[in-house]
Amino acid sequence: MACFVNKVVIVTGASAGIGAATAVRFAQEGANVAIVGRNQERLAKVAEDCAKYGRNPLVIKADVSKDDEARSIVAKTVEAFDKLDILVNNAGIYKYDDIQKPDFMEIFDSIMTTNMRAVAFLTNLAVPYLIESKGNIVNVSSIAGRCVGHPHRTSYKTSKAALNHFTRCIALELAPHGVRVNSVSPGPVATEIFNTAGLPDALTTLKDATALGRVGESEEIADLILFVASDKAKSITGSDYVSDNGMLLKQ
Ligand code: NDP
């Protein structure tokens, strides 16, 4: 029996990569899914993939970094499905930065706004509904939030370290209301994020940096997200689940 039947789930960054795989897995398990992203064409393709399992998702074209559009994500979902059970904060961007260059603050602000501030605002908007449904939140962080590792990833790593701390703080604050809050931290996963960041060769280097000599696939992270969001994880809150092919072992 599918464990998300009649559950209402928002997945941000669902037009590609880990978010797309997560949306499809939730649809497969019977959930009503709201899929969020800026690229309408790619959202339409993911909607088709979800619909193969009999559930038409709610497609929401929105930029999570813009407050009005963030408001529309929660409002449209609740309007369509009358409730909210699970919020998956997955949308994220990755870029190299250089503290000695003039564009450092521009990169820092864009990464922090998307990877951290948008999560805080969406959480703030979703909390009343999650308290009502005794639901939960899964934040997609990164092992970059745990290790210092390589230079020129300061903004990204800072955003994910902040997200980990945010996850724990909100988990404690919402625990008395029966709402769980957790994060998952992937190591390198084969998605478009590196091409978008202008780093097409990054995955080859990252593969060699893992203990298992491989990079992850979006579906593996999606399965982990579904586990954490499910009742099987009812004792778990404030936790961060690593799936990194042993990369942290080698740091
Ligand atoms: P992709 O680039 O494949 O997908 C990113 C998704 O985020 C897209 O759907 C994109 O949609 C969406 N997105 C980005 N910015 C915004 C925005 N402002 N508003 C709405 N949606 C947005 O990346 P991944 O699937 O790899 O990344 C997903 C998450 O996983 C991120 O948080 C990332 O940090 C994390 N992660 C990824 C790792 C990897 O190696 N791939 C490793 C560790 C963590 P659109 O362009 O349509 O807006």
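In each ligand, atom 1 is the first atom listed, and ligand 1 is the first ligand listed.
Counting only residues at least two apart or in different chains, side-chain hydrogen bond (donor to acceptor under 3.5 Å, both in side chains) contacts with residues 45-62 comprise Asn32-Arg55, Lys45-Asp49, Asp49-Lys52.
If you check the side chains of Ser15 and Asn39, you find no donor sitting under 3.5 Å from an acceptor. Defined by atom type and a distance below 3.5 Å, a donor-acceptor pair is missing between the side-chain atoms of Asn89 and Thr12.
In summary, Asp68 and Arg71 engage in a salt bridge, as defined by a charged side-chain N under 4.0 Å from a carboxylate O.
For the side-chain contact (heavy atoms from CB on, under 4.5 Å) test, residues two or more places apart in sequence or in another chain that qualify with Leu212 are Arg214, Asn245. Under the rule for a side chain to side chain donor-acceptor pair (under 3.5 Å), Ser142 has no partner lying at least two apart in sequence or in another chain.
Listed by chain and residue number, the protein contacts of ligand 1 are Gly13, Ala14, Ser15, Ala16, Gly17, Ile18, Gly37, Arg38, Asn39, Ala62, Asp63, Val64, Asn90, Ala91, Gly92, Ile93, Thr114, Val140, Ser141, Ser142, Tyr156, Lys160, Pro186, Gly187, Pro188, Val189, Thr191, Glu192, Ile193, Phe194 (heavy atom within 4.0 angstrom).
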